[in-house]
Amino acid sequence: MSTPPPSPADRTAPGRAHSFRSVAAVLALSWLAVFFDGMDVNIYGAVMPHMLDDPGLGLTPGSAGTIGSWTTFGMLIGALVTGNMTDWLGRRAMLITSIVLFSAGSAVCAIADGVALFGTGRFLSGLGLGGLMPICLAVVLEFAPPRRAALSTGLLMTSYHAGGMAATGLGLAIAPEHGWRPVFWAGVLPALVAVPLLLRWFPESPGVLLAKGRRAEADAVADRYGMPRPQPAEAPPGGARGRWEAVLALFRPGSRWTTPLLWTASFCGLLLVYGVSTWLPQLMRASGYGLTSSISFLLVVNAGGIIGMLIAGRTADRFGAVRVSAIWFLLTACGALLMSAHLPLGITYVVVFVTGIWLFSAQVMVYAATGTVYGPAERAAGLGWVTGVGRTGAVAGPWLGGILLANGAQDWGFTMFALAGVVGAVMIALVPLAGRLRRAPGPVSAKAPAA
């Protein structure tokens with residue numbers, strides 16, 4: 001008679017409980033890394049009007065949209081590569097590499113004397129930015145306390161919007177008097193601030209350590225943070241063959257239907273996130289609002305995003321990430337249509353703030369739902385591909401926005417956002433149904449995993 005596997009409680013070393021306090025350092029460092037991610041992504045939109053007004057750069061609305069797509073195409077490559085490489089080289093090393101890459105890209109943008117070099121810098125930044133998010137999400141899902149995965153994911157993503165607000169603040173405070181270049185120089189700060197902290201205090205994943213055969217180190221890290229010690233079934237597969245098997249596992253009977261649904265929902269969510277981050281100030285300016293007000297809308301929508309993450313995380317832990325994501329997508333569609341209605345300035349600020357509550361956390365709850373579909377051994381690859389394939393939406397959003405603005409059809413930009421919200425809602429809402437259609441026994445849970 002075989003011995004049943006130990007329960008999480010049996011695998012936890014005595015003396016320290018697995019709680020927010022026990023993993024606070026890991027969550028805080030992940031928060032800092034994503035803060036700089038949000039700052040770098042939003043810098044472009046925050047200074048876009050000033051760059052378009054700079055004759056020496058030669059930027060036009062069409063080329064600005066193309067460069068935005070270069071950035072997100074770099075993110076696509078970075079996310080797909082990192083989702084598989086992180087379980088081979090280690091999450092800590094790949095996270096630090098990602099930060100160095102997008103800091104270097106920001107420096108290239110700061111010295112660019114033309115559109116081509118500037119676009120190269122944004123592509124380089126995209127490579128780093130694309131790798132950072134799936135790593136931090138995988139780390140948080142692994143280290144999060146039991147039954148707090150969705151809340152931990154929401155807390156992590158508040159940092160993205162705090163970074164977006166910081167970028168907008170820099171754009172408002174520096175760009176009018178000193179130009180847009182010093183704002184990009186601020187994008188070098190992650191390499192100077194975050195990298196030393198990560199080298200000193202960020203741990204390697206216990207699951208990755210176990211996959212490398214470093215059992216003692218894996219147990220030591222788990223014990224240090226009060227986590228259950230990892231078991232072989234939870235370790236990501238090693239080697240090139242193992243990484244390929246992790247990708248194939250995304251289409252096994254247990255998840256073959258949910259995988260394309262998650263990819264499509266992520267496409268819609270990231271089209272919204274990066275379309276808004278890149279084009280909201282210019283869309284509002286084209287609608288007749290002043291330059292300062294137009295840039296301020298980016299600050300307001302990110303402030304709403306912070307509130308939204310806190311609400312969505314707690315709500316999803318109670319009612320399920322799938323349900324929350326679907327409702328949030330629909331509310332985002334309503335908000336996008338209201339933003340196109342040319343309302344009085346004060347009311348528009350309220351609409352933009354409330355839309356921010358739903359817009360960003362709809363996408364984050366797609367990530368939280370992803371954690372319910374894939375097991376621990378496939379979760380990093382699953383998150384990497386959900387974020388990676390979703391980056392095609394991040395490529396499409398800035399590009400389509402540039403095309404619409406170049407042709408004087410800015411109101412269609414908000415319609416595009418609304419349609420993406422509706423499609424995203426339908427796709428994520430179908431995940432539980434797809435789970436019931438799968439061949440493997442047991443339904444897909446709409447709630448966050450117990451970590």
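If you read the sequence from its start, that first residue is 1, and numbering goes on from there.
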Closest approach of Pro398 to Tyr274 (non-hydrogen atoms, all atoms of both residues)
CG-O, 4.0 Å
So, does Ser103 use its side chain to make a donor-acceptor pair with the main chain of Ile99 at under 3.5 Å?
yes
Intermediate values then yes/no, side chain to side chain contact (heavy atoms under 4.5 Å, CB included), Leu27 and Val140
CA-CA 7 Å; Leu27 298 182; Val140 167; 4.0 Å; yes
Could you tell me which non-hydrogen atom of Cys136 sits nearest to which non-hydrogen atom of Ala33, and how far apart they are?
SG-CB, 4.0 Å
Taking the side chain as every heavy atom from C-beta outward, state whether Met75 and Leu270 have any pair of such atoms under 4.5 Å apart.
no
Quick check for you: to the nearest 0.5 Å, what is the distance between Asp40 atom CG and Leu101 atom CG?
11.0 Å
Please give me the minimum heavy-atom distance between Pro49 and Ala46, naming the atom from each residue.
CD-O, 4.3 Å
Full working for side chain to side chain contact (heavy atoms under 4.5 Å, CB included) between Met133 and Asp37:
CA-CA 8 Å; Met133 190 65 73; Asp37 180 306; 4.0 Å; yes
Residues in side chain to side chain donor-acceptor pair (under 3.5 Å) with Ser325, at least two apart?
none
Output the distance between atom CG (Leu129) and atom CZ (Arg122), rounded to the nearest 0.5 Å.
7.0 Å
As a quick check of understanding, evaluate side-chain hydrogen bond (donor to acceptor under 3.5 Å, both in side chains) for Thr120 and Trp70, giving each step before the final call.
CA-CA 8 Å; Thr120 301; Trp70 290 356; over 6 Å; no
Student check: side-chain heavy atoms of Ser361 and Ile311 closer than 4.5 Å
no
When rounded to the nearest 0.5 Å, the distance separating OG1 of Thr71 from CG of Leu127 is 10.0 Å
Working to the nearest 0.5 angstrom, can you tell me the gap between Leu280 CG and Asn42 CG?
10.0 Å
Got a sec: does the CZ of Arg215 have more than 12 other heavy atoms crowding it under 6.0 Å?
yes
Is there any salt bridge (charged side-chain N to carboxylate O under 4.0 Å, His left out) pair reaching into residues 24-35, and which pairs are they, with sequence neighbours excluded?
none
Heavy atoms, side chains only, cut-off 4.5 Å: are Phe202 and Arg92 in contact?
yes
Mind checking whether Ser340 and Thr415 have side chains closer than 4.5 Å, heavy atoms only?
no
Kindly indicate whether the side chain of Leu210, heavy atoms from C-beta on, has any atom under 4.5 Å from the side chain of Arg229.
no
Which heavy atom in Val386 sits nearest to a heavy atom in Ser266, and how many Å separate them?
O-OG, 2.8 Å
Verdict with reasoning, Val221 to Arg224, per side chain to side chain contact (heavy atoms under 4.5 Å, CB included)
CA-CA 5 Å; Val221 172; Arg224 187 186 316 149; 4.1 Å; yes
Are the charged groups of Arg91 and Glu142 less than 4.0 angstrom apart, N to O?
yes
Using the benzene-type ring in the case of Trp, are the ring centres of Tyr349 and Phe297 under 6.0 Å apart?
yes
Backbone of Gly65 reached by a side-chain donor or acceptor of Ser69 within 3.5 Å
yes
Report yes if the side chains of Phe184 and Val108 come closer than 4.5 Å at any heavy-atom pair, otherwise no.
no
How far apart are the closest heavy atoms of Val23 and Phe143, and which atoms are they?
CG1-O, 3.4 Å
Minimum heavy-atom separation for Ser152 and Pro145, please, with both atom names.
OG-CD, 4.0 Å
Does the side chain of Leu132 reach to within under 4.5 Å of the side chain of Leu95, using non-hydrogen atoms?
yes
Is there side-chain contact between Ile428 and Met365, with heavy atoms separated by less than 4.5 Å?
no
Donor-acceptor pair, His161 side chain versus Val301 backbone, under 3.5 Å?
no
Parallel, tilted or perpendicular, judged at 30° and 60°: which one describes the rings of Phe417 and Phe414?
perpendicular
Sequence neighbours excluded, every pair satisfying side chain to side chain donor-acceptor pair (under 3.5 Å) that has a member inside residues 184-203
none
Could you walk me through whether Tyr160 and Val364 pass side chain to side chain contact (heavy atoms under 4.5 Å, CB included), step by step?
CA-CA 11 Å; Tyr160 177 91; Val364 172; over 6 Å; no
Approximate separation, where rounding is to 0.5 Å, of Leu310 CG and Thr158 OG1
6.0 Å
To the nearest 0.5 Å, how far apart are CD1 in Ile43 and OG1 in Thr168?
9.5 Å
Flag if over 12 foreign heavy atoms under 6.0 Å of CZ, Phe73:
no
More than 12 heavy atoms from other groups under 6.0 Å of CH2 on Trp399
no
Please identify which of these residues, Phe360, Phe267, Phe329, meets the side chain to side chain contact (heavy atoms under 4.5 Å, CB included) condition with Leu272.
Phe329
